Structures are given as structure tokens and as C-alpha cells.
Amino acid sequence: MDNGIRIGVYTCHCGTNIAGIVDVRNVAEYAAGLPGVAVSREYKYMCSDPGQELIQQDIREYALNRVVVASCSPHLHEQTFRTAVAGGGLNPFWFHMVNIREHASWVHLDKAAATAKARDLVRAAVRRVALHRSLEKGRVKIHPDVLIVGGGIAGIHAALTLANAGKHVYLVEREPSIGGHMAKFDKTFPTLDCAACILTPKMSAVRAHRNITLWSYSEVTTVEGYVGNYQVTVRRRPRYIDESLCSGCLECVEACVFKQAKVTDEFNMGLSKRKPIYIPFPQAVPQVPVVDPETCIQFKSGKCKKTCMDACGERHAIDLEMKEATERIEVGSIILSTGFQAFDARRTPEYGYGTYPNVYTALEVERLVNASGPTGGEVVLRDGRHPRTVGIIHCVGSRDEKTNRWCSRVCCMYSLKLAHLIKEHTEAEIFNFYIDMRTPGKGFEEFYQKLREEGVHFIRGRVAEVTDWALDPSEEGSLVIRVEDTLAAFVRRIPVDMVVLATGLEPRSDAQEVRRRFNVSCSTEGFFLERHPKLAPVSTFTEGIFLAGACQAPKDIPDTVAQAGAAAAEALALIDAGFIETEPNTAYVNEESCSGCGTCAPLCPYGAITYSEEVRKAAINQAKCKGCGTCVAACPSGSIAQNLFEDDEIFAEIEGILSYA
Amino acid sequence: MSAFTYFPGCSLRGTGVAYDESLRTLLKVLGIALEELDDWNCCGATSYMAIDEGSAFVLSGRNLSLAREKGNHELLAPCAACYLVLRKTQDYVGRYPAIAEQVGQALSASGLPPLDGVRVRHPLEVLYNDVGTERIRKSVKRKWAGGKVACYYGCQLVRPFAEVDRAHDPTRMDELLRAAGIPTVDYALKTKCCGGSLTGTIHDVGVRLNYIILKEAVRKGAAALATVCPLCQHNLDVYQREIRRSTGEKLDVPVFYFTQLLGWALGSDPDALGLKRQVSGRRLVREWFAEREVAVHG
Amino acid sequence: MDYGPRRIIAMVREGFRTEALASETIWLCASCYSCAVHCPQQIHITDVMYNLKREAIGSGLFPKRFPIPVLAQEFYNVVRRRGRAAEFLVVLRMALRTNPLVLFTMWRTGFDLLRTGRLPLRGERVRRMPQLPREAS
Amino acid sequence: MPEAFEPRIVAIFCNWCTYLAADLAGTSRLKYAPNIRVVRVMCSGRVDPQFVLDAFASGADGVLLGGCHPGDCHYQEGNYKALRRYHLLRHMLEQMGIEPERFRLEWISASEGERLRVTVDDMVARIRALGPLRLPEEVPAS
């Protein structure tokens, strides 16, 4: 080429990932013959140090001024190669990446067709890169405050980590108290530490920390802006008790005109009753009761004696006129730690939950064995009996094509824990029914061994049904578990007094709504999608938004806490850098040809386009532009262009794909 | 009122004749016309499919095709096995091109139209959806004087391909009988298999399955069973003597078609409902269905 | 049941064809489809059993004096000839091929059915027999 | 013997949803027809109708646009803009005698690798049945 363009093309084997299907040599040889190509090479791993050095060496030796790498997805290594190109002394944007792994070798079996595809894509890139211009990255300042959504153990741990580092954190929790699922547990596996003993100090620390603003009973309603500068609104539901005035004495609860608790207690999974004014559990944070307007007499009839207010006396903390409030905040980054929901056991009707009263879910049993639970830790059945035999059925709503396909990861271990606790509380004979025992974790297998030594039965077989039909008098009045014991290799009927369903973990029912609000993605099964499963496990595809805990995938407490720490570290790294570099893919107006029609301005969701009536021209604020390119496509006079995605670059790519040599 | 093309199937010509009689009688009372599918053939059920799947689908396909040719595309199939095979054929023809081709070729070679567009219906679902419990309630002419009934749905009506009721816990037969003033009991075995043709082959296995189903119904307080399938009714009804011989337990429980019970409640003549064709529990049958007209208003 | 369906599937997967096809288990499947509704992997186990039955007949490995395959064959033959099944004929022929003594224990059942008009001794026929499949497919 | 017809399809995918779905199809090792070539843009809203016309004029037998589901756009509403343009353009292409099957807009999210596979296979099959695109003479090349 006479225009001085000298392109280096590098085709990566990626071991056999690419080379196993695509004839890499053929692609490299083909590229060598394309106009403007000064050098074309193939190499085993382009992303490795020697691979990058190869590029830099060629830049010097062959005086290259454009580089094309045909390897994996740009989402994985575009940054790597741009840095390598910059290290060779070129503008990092004189580079284009071709995806022949995810988009070719991994998705096709026909070697010739995959190779032809790779050649087409390389040819298109060679044409495109010749047109690339040198660009500078932009910079955005990062607001140092962080929003954490969800106050379970993940949100609590991330909040404390950030607050201890001196950053201000807004922790927003939907329920009246933080603590999440962990607050409902009695013990934690495999060490059997008391969940409350390890959780409540952290909850208190959240309450006391001067760097944490805790908004419980609240929800994030809107999120606008972008990394470094998010504008968030939070809806604070009225709890009808002023948090700043309440001392947490709970005398109002005592004084409620309901002498007996009559309302289903959500925290105790419906196993007990609460009053219309209540605190979800004794260690709740904030230590402030809440009034439930659905059941409070004053809200229903307006004729209550309001004994609660009398009890509160001079403090005047109770305000039944309280209205919903809205808070508006600015933060630089956001951590989502919205958690999971337990599988609804009614979806597997063969196990009789909801039909037979003595069939329980694991979360219900967590409350039953809990010393601060509805029975004070006594395992009593709904009919008042103490169970002498208990069956624990694993994988309910897990590993099942009809419900949820995935392994929920924690059920084997919590089933072992519950088996141990029930046995300890009742001395009942306990049967565990499992498909596979999955105990990969520190001390997990040893715990399983301990349970076997304790004499708990382990029956390998997926339970067919829980039923009440009795074959003989010995089964009368029992629940019969029918299962093929696949080790003994015959079908068994095991009569028990109590059945525990080890329900799996699934995405919260509003996960889709939440992900839209925060502009993140979900993976196929509905958990929030991390940016990379191995290398960016707490990041999302939206800069500045991080994930922690079971909202990303089922995980146990140690993994959740580790991930929360990682998310906090990522947020800290962002804050402490003070700014973030942005892709130079912004749009800009060619003033000469702009006809001043004004079509573009209302299209921009970020208000980056201003239209001046005086000069009848549009202008784009480079700091506000996020680089979608919608205005570019819409401009009737073709006067808006987009860096990195110039019209001529895209045309070159399309025509390059289609022009057969 | 509505009309159906009627596919009785082989069983309703033999052991299940009372099902045929009671269904015709009941639907007549409700103003639903039946026109029997001319020259219908075996549906290709279980035993046939075990030998030759392709031909089984062709057999089934011919019946569907005949119904389509006839013009009334609502095909009523009371036998659970026929109902399932007809629907399975439709499902597989839609799903697997090879089956579609084989069936299509066989039909066109016989000068028959393609089989699509036919809707296979079952009386339980027709009575529930098209007639409705409310109309049954209003049409009751006789007050029930018998014992509680356990509704036994059997297997094939609530399994894949079927659109009759929920797979795990069907209740529509219970709802219809209760609407007719007949008390029912709930029990966990209502969708367990009766063993099908096992009673004729591996006799002791088949008989035991039926013993378990009958005994559990009795344990839950039922004095009789109601069924929706000729094979279930046959198995539960005619082997109670063998059950007595092998277990020593005398059950003598009458086993009805649900159409017999509904027909009786709606005022039809017991003979027209085939009520004399019961093998077990004949004493109770005589007692419950003795002609003592107790007029119920409406 | 000699193996149990789980073991039959495992045997088929691992290539123990003869053992699986000669088993009685596959014939005991009464096609109630309960497994198909419950299988967590959504495998059409009933169809798998049908397939094995057909292969067992085709390969001649089926248990020869086991009444179920014999019944199936007789049912099939009657439908081939007449277009409709006739219970009386099918059962009679099965008994003759497996264990004629069974007829003595069945006579009371047969009598009950005859008495209540539920056992027609003359089966029905389809008029347009050429429209039905003749060659095994 | 004439060479069998292999449709050539240009796919223009948004960076955040459909391009990632194609990456997911890769990491999941799903297999689909090798007839598409993907061009990456940041948002389906960037797709200028000229890109599509240019592709057809340069020899594409089909053009597939991929964006985020309605409500899921990384840039809030670029995909709605794409949808509006798509309808207009489709109408125009029809008038030019280009069969509607040749031009598709699909919403495929980052988690829908399987949907991408099905979409591509379906589109390739349909275009294979249609045969190569024969453009009338007056199609404006860009």
C-alpha cells in the first residue's frame, strides 16, 4: 500500500482451542497476502508474554503502524493487546481484534468452513484497522461513596470493609432488619458455630459505624448515571416509628392491644405469631419495631386505643401518620448483594409439602432447632408430637430439569448440619436421602464422616414420593418415604414422623426487575451475571457495579464473605484511583455539515447533546457521551461520527467480510 | 348443544361395555350428541406399540384421519389408553419428522386426509370444562344414598400428552361427583397404576397392585371406587375374589365408571347405565340404586 | 423384576445389550408413564422400555415363556388380522402358548364376565382392512 | 456439479447482549451453522440502515441484527431506536424485492447462547431454502 499503512497480523492457536478446528497456518498465510499487511504470523498463545513481545518486536523491526490479532473475544483480551501495542510505541487504538475462538473454532465442527470464516474475519479486520485513527482515553472522576443493596451477610461484610477503610457506605435493606437468611440459622456448618454469635456483632457494628448510613425497610427505586457518578433514589417505607427517637425498649410491642400475637410471623417461617407492632427478632438491627398497617387496628378502623403510643410516652417515637420518604444520593460505585430465595417446596407436589403437616422445609427446621425460634429450640411437630424418625430429602428443587437444573451447593452440608442438630435435640433416628453427597470444602468431608459415625442413615437414592398410604399397621399414622436405595438396589418404604425438604437456592423472584434497574445481566438460570466467571467474578458488564453473595450464584457463608470482601476491594480500588479511564468511543459532530435539524438531541439518554439555537448546530459533551452511537445512525446529514466505530470503519468491515479473494 | 365424534375403542365393546352405555346415556341427558366414528380401528395401544411403533402410530393416525374426514374434529375417546395413544401420536407426529413422514405416507396411500386439526377429548375433561360442575349441580335428580366414593384416576389420563387434570393431584372427578351430591374421599393412590394388562399375564403382581389401591381407598373411608378407564375398572372390579384368596381379606367394593354415578344422580335408568354389570359389591349396588325416587328440586 | 429400571438404563448405557434385552423387567412396564412425569432428567423412560421390547422381539432375545411378550404378540396378531382387539381371543391364545393350566384358574373370572355381558366371544372387524398397516415397519 | 449454495450472512451485534450471547455459545461449545460473520457495534442503536444496504449490495444473502431485549438496553433505549429503523427498513427492502426472511432483528441477551444458536440455524436454513439473493439492478450501493 502506498498510504504508508503497515499491518501486522497475528493468528493465535490458543493451544488447540483454535488450532484444533481452524487451520491457523492457512489463515496466517492468507493474511500475509492481503494489501497493507507487512507481516503475518501464527503463534501458540498470543496473550502470553512472548506473544506480546512478538508484536512489539515486529512493530520495531517491520515499522508496523497497525496491528490485528485473531484470537479470542475482545471482552477477554482487547485490553491486553492494546497495552501491548502501546508498549510497542503505537497508539493503542491502532489495533483491532478478531474473535476466531468463541465465534469460530468453538462453535463449528467443519474445519474448512471454520477456517474460511476466520479468513473472512481477518480480511475484514485488516481493511478496518487501516482506517483506525489515534485516540486518547477519557477520564471520569469517581465519587467516593458506595451504595450496597441488600443487608445480608454479604452486604454487611462489604459495608464494614469499606467503612473501615474510611469510605462512606449507604446500606439499603428491604426488610425491617439487616441479617438476611443467616440471621435465621441456628448453627453454621461444618464448625457448628452459633450463627447469631458470629453475625450479631457484625450487625451491631453496622449500626454503630459512623461511615455507614443504614436504611432498612427501604428499596432502591431508580439508578441513573454511570461509573463514578450514579444518582440513586431510595424509597423508605414508613415503619411508623421514628428511628431517631426510638430507644428500642420494645414497650410498645408489649403494650399493643393485641395481648396475644395473632399475625403470621414471617421471620419464623410462619411457625409462630407476632403482633401488628413487632420487631422481627430480638437482635434486629436497627433495634426499632415496625407497625404492619395490614393488621394494625388503627389502620383498619381508626378506633384503636393506641396503647402503644401511651407506652412510648414522652419519646413520641410512634408516628402513625408517617409517610413514605424518598432519599436521593450520589455514589461512585454500587455493590449488589440481594441474595437468594429458597425454592418453593409446593412445586414438587410428590413430597407433600402443604398437604402433609409434618413435611417441613429446611428453613422452617432452622427456626425449629433455634434456641430463639418459635419453640425455643424444641423440635415439636405441627401435631405436637416429638419426632422419633426423621427423613431429610436432598436436592428438592435442585438438579432437576423440571424445576432448577443447578446444584444449590449448600444443601448437602446444611442437611448434615440439620441431621446433627435434630439428633442432638431429639435423639431421633435420621435418614438422609441423597443423589450424590457433595462435600467439597474445608472440613466438610470430615463433618460427613462425623455424621456417619453418629449413626445417621445415608441412603443413596432420589426419593420418589412422600405419602400417607399404609401397607400395614406399622405404617399407620406415619409419612412413608418411597425410594429406591440404589446401593442396596431395591425399593424401600421408610415410615417417618417428620420429613425435611432440603430446598435449593434460586434467584429472587424480582431478580429480573432488579437487574434492569441496575443495568446488569442475568445468566441463563437467573442469577446475576459476573463479568468473567474466573477472572472477574465480582464485576459486572456495567462499570462500577459489583456483585457479592448468593445473588450471583448459590454459595455458602465463607464463600459469600470472601466474595463480599472482593467486591469491597474492587470498589475501593476504583475509589482510590480517583478516576477511571473510559473508552474513547464517543460521538462527535462535524460542525461544517451539521444542518442544525436537532434530530439528535432528544435521542440521547444522557443529555450529552446540546443544540444551540444561535448557531443552529448540535454539540456533544464528550464527558457525558457513553458511546452507544444511536445519534450517529440517526443523523440525517451524516454529520455525527463515532470514535472507534466510524462509518467508514464499519463499511470496511462489512465489505471486507463479503469480498472474496 | 355440542356434538362429538365418538371413538369407543375395543374395550368398550367388551369388558367396558358399561362405560359405553353410561357415557351415551349421560351425554344424552346433557344434550350432547355422539356420532360413532365409522369403521374405527384399534388405537395401537400398549401391547401393539411394544411390537411395532411405526404401525401403532399409523393405526392411531387412521382414526384421527377418519375423524378429520368426517368433519367433526372433536374426537371423544373415553378409554384412557386410547386417549393417550391418540394424543401421543399427534404429539410425536408434530415433534419427529420421521414419524410424521411414515404416518403421512401410510394415510395418503390409503386415500385418507392428513391427521392434523383433530382435537382428542376425554369425557372427564368435557364434563368438567364444557358442561361444568354448576350445571351438574343444577341437573341432579336423585339424592345419593350410598357410601363415600374414592375417585381413582389411574395413570394414563394425567400423564404426558394428556390435558385432563393436574398430573400429581387430580381433583376434577371428585369435583364433578361432589357437584352431583356424591361424597368423595381423598387418597394418595389415585394416580398409581392398576397394572394394566399385568392381571392377565403376571397375575399375582397385577392382583397385588389392585389390592393395594382398593385397600387404601377403604382405609380412607371409601365404600366404592369411581374410575375413568375401562382397564382400571376391570382390574379393580373383577379380581376381588383372587385378592381374597391370596390375602384372606374380603373387600367386595363396587367399582364404577364415574359416568354411571353421574348418570344415576341425573336421573337415568340404572339398566341404561350398565349398573347390572358390576362383578364385585353387587349387594351394595342393589341397595344403593334401588328404585326409590327421591325428587330433588330443580 | 430382575433388574429394576435404573439398572436396565445403566446396562444399556454400558453396552450389556443381551442382558437387558433378555430381562423380564422391560416387559413388566405397564406404560403408566409415572417415571416420565417424575424423571428429573426428563427422560422418556416409557419410550426407552418400548424400544427395548421391540428390540428384544426383533433379536429373539425376549424370554420365550414369559407371558407378557407373548400377550403383546398375540394382541398384535389379532389387530393385524381384524383391525380391532378381542380380549377373549388374545388371552386365550396367550394362555395356550405359555401355560394352559392358567385357563383353569381363570374360568371363574371368565364366567363373571360372561354373566354380566362383558365378554363377547365374537370379536369385531374393521371393514376397510387394506387401509391398515400390514408389513411390520 | 455446481457448488452447493452456502448463504453468507452479515450479523451486526451489540456489544453488551448479543455479542456476549455469541461468546457464551462459544464457551458453552454450542454448534451452529458457520455462515454468519459478526460485526460488533456498541449498541443496536448504532446500526445505520446504510450498513444493511451496503451488506446486501456487497453480496450478503442475509443480515441479522442482534440487540438487548426491550427494557434491557445497556444505553437505556438504543434498541427501541433500532426497532423503529428495522421496521422502516424492512418495508423498504420488501419493496426492493428482498424477501423479509433475509433481514432479521432479534433480541438475544447475554445469557441466551442457546437462543443465538437456534436463531442462526433457523436463519441459515430459511435463506438456504430461498437461494442466493438476486438484487435488482437499481439497488443503491453505498
Side-chain angles (χ1 to χ4, degrees), chain B residues 10-11 13-18 38-42 44-55 58-59 62 81 84 102 106-107 109-112 154-156 158-161 167-168 191-198 200-203 205-206 234 238-239 241-242 274 276-279, chain C residues 24 27-28 30-34 36-37 44 46-47 49-51 53-54 57 66-76 78-80 82-88 90-91 94 98 102 105-106 108-109 112-113 115-120 123-124 126-128 130-137:
Chain B
C10 307
S11 291
R13 284 287 199 270
T15 54
V17 63
D38 181 49
D39 204 33
W40 55 268
N41 55 264
C42 165
T46 322
S47 293
Y48 194 100
M49 198 165 275
I51 307 291
D52 182 351
E53 185 184 50
S55 299
V58 172
L59 281 180
R62 178 175 178 266
L84 178 122
Q102 184 183 1
L107 291 179
S110 305
L112 289 164
C155 55
Q156 297 193 332
V158 289
R159 296 290 152 75
F161 321 115
H168 184 76
T191 65
K192 283 282 174 300
C193 178
C194 69
S197 55
L198 284 178
T201 50
I202 316 297
H203 195 60
V205 173
H234 171 85
V238 306
Y239 297 107
R241 187 187 298 111
E242 332 275 320
K276 285 191 174 151
R277 300 189 189 275
Q278 307 301 125
V279 170
Chain C
E24 292 180 355
W27 293 100
L28 278 162
S31 309
C32 82
Y33 290 87
S34 182
V37 175
H44 295 246
T46 312
D47 282 341
M49 293 297 166
Y50 272 133
N51 261 309
K53 288 175 190 174
R54 288 192 293 272
I57 295 273
F66 197 54
I68 308 175
V70 176
L71 177 90
Q73 284 172 314
E74 290 306 331
F75 184 96
Y76 178 77
V78 168
V79 174
R80 283 270 148 166
R82 319 172 68 105
R84 291 185 190 172
E87 290 143 335
F88 174 69
V90 172
V91 173
M94 176 204 67
T98 53
V102 141
T105 59
M106 279 180 158
R108 290 221 40 180
T109 307
D112 281 341
L113 292 173
R115 187 172 54 128
T116 52
R118 292 165 64 173
L119 193 61
E124 298 181 346
V126 166
R127 288 196 315 279
R128 287 170 283 173
Q131 289 188 338
L132 269 47
R134 273 147 294 173
E135 301 304 315
S137 60

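Below, chains carry the letters A, B, ... as their sequence lines are ordered, and counting in each starts from 1. Model, not experiment: these values are computed from the prediction. Atom set for the values below is all heavy atoms of this structure, side chains included, hydrogens, waters and symmetry mates excluded.
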For the [atom1] atom of [X] and the [atom2] atom of [Y], what is their distance to the nearest 0.5 Å?
{"X": "C/Tyr33", "Y": "B/Leu84", "atom1": "OH", "atom2": "CG", "answer": "5.0 Å"}
{"X": "C/Leu132", "Y": "B/Asn41", "atom1": "CG", "atom2": "CG", "answer": "4.5 Å"}
{"X": "B/Ile202", "Y": "C/Phe66", "atom1": "CD1", "atom2": "CZ", "answer": "3.5 Å"}
{"X": "C/Ile68", "Y": "B/Thr46", "atom1": "CD1", "atom2": "OG1", "answer": "12.0 Å"}
{"X": "C/Thr116", "Y": "B/Gln278", "atom1": "OG1", "atom2": "CD", "answer": "8.5 Å"}

Yes or no on side-chain contact (heavy atoms from CB on, under 4.5 Å) for C/Asp112 and B/Arg241, after CA distance, side-chain angles and deciding distance? CA-CA 11 Å; C/Asp112 281 341; B/Arg241 187 187 298 111; 2.9 Å; yes
Shorter than 4.5 Å, heavy atoms on both sides: which option in C/Gly117, C/Ala86, C/Ala36 has the most such pairs with chain B?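 Looking at each of C/Gly117, C/Ala86, C/Ala36 in turn, C/Gly117 comes out on top.
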Mind ranking C/Arg84, C/Met49, C/Met106, C/His44 by heavy-atom pairs under 4.5 Å with chain B and telling me who comes out on top?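 With the most close heavy-atom pairs to chain B, the winner is C/Arg84.
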Using non-hydrogen atoms only, which part of [X] is less than 4.5 Å away from chain C: side chain, backbone, both, or neither?
{"X": "B/Leu112", "answer": "side chain"}
{"X": "B/Ala50", "answer": "both"}
{"X": "B/His234", "answer": "both"}
{"X": "B/Val17", "answer": "side chain"}
{"X": "B/Arg277", "answer": "both"}
{"X": "B/Ile51", "answer": "both"}

For [X], is it the side chain, the backbone, both or neither that has a heavy atom under 4.5 Å from a heavy atom of chain B?
{"X": "C/Val91", "answer": "neither"}
{"X": "C/Arg108", "answer": "both"}
{"X": "C/Glu74", "answer": "neither"}
{"X": "C/Asn51", "answer": "neither"}

Salt bridge (Lys or Arg N to Asp or Glu O under 4.0 Å) partner of B/Asp52, chosen from C/Lys53, C/Arg54, C/Arg80: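 The residue from C/Lys53, C/Arg54, C/Arg80 that satisfies salt bridge (Lys or Arg N to Asp or Glu O under 4.0 Å) with B/Asp52 turns out to be C/Arg80.
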For B/Ser11 and C/Glu87, run side-chain contact (heavy atoms from CB on, under 4.5 Å): C-alpha distance rounded to whole Å, both residues' side-chain angles, the deciding distance at 0.1 Å, then the answer. CA-CA 8 Å; B/Ser11 291; C/Glu87 290 143 335; 3.6 Å; yes
With a 3.5 Å distance limit and no angle check, can you tell me whether B/Arg159 reaches the backbone of C/Cys32 through a side-chain donor-acceptor pair?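 Here the side-chain-to-backbone pair exists.
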With no hydrogens and no angle check, is any side-chain donor or acceptor of B/Gln156 less than 3.5 Å from a backbone partner on C/Ser31?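 Present.
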Please test C/Phe75 against B/Ser197 for side-chain contact (heavy atoms from CB on, under 4.5 Å), starting from the C-alpha separation and ending with a verdict. CA-CA 11 Å; C/Phe75 184 96; B/Ser197 55; over 6 Å; no
Check against side-chain contact (heavy atoms from CB on, under 4.5 Å), B/Asp38 and C/Arg127: CA-CA 10 Å; B/Asp38 181 49; C/Arg127 288 196 315 279; 2.7 Å; yes
Could you tell me which of B/Val205, B/Val58, B/Leu59 has the largest number of non-hydrogen atom pairs under 4.5 Å with chain C?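 Heavy-atom pair counts peak at B/Leu59.
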Among the options B/Gly16, B/Ala109, B/Gly274, B/Gly200, pick out the one with the most heavy-atom pairs lying under 4.5 Å from chain C.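 Between B/Gly16, B/Ala109, B/Gly274, B/Gly200, the count favours B/Gly200.
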For the student: nearest non-hydrogen atoms of B/Cys42 and C/Ala85, plus distance: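 Smallest interatomic distance, heavy atoms only, reads CB-N, 4.4 Å.
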Over all atoms of both residues, closest heavy-atom pair of C/Thr109 and B/Glu242: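 Looking at all heavy atoms of both residues, the closest pair is OG1-OE2, 3.4 Å.
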With B/Arg13, which residues qualify under salt bridge (charged side-chain N to carboxylate O under 4.0 Å, His left out), at least two apart?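 For B/Arg13 the salt bridge (charged side-chain N to carboxylate O under 4.0 Å, His left out) partners, ignoring immediate neighbours, are B/Glu36, C/Glu124.
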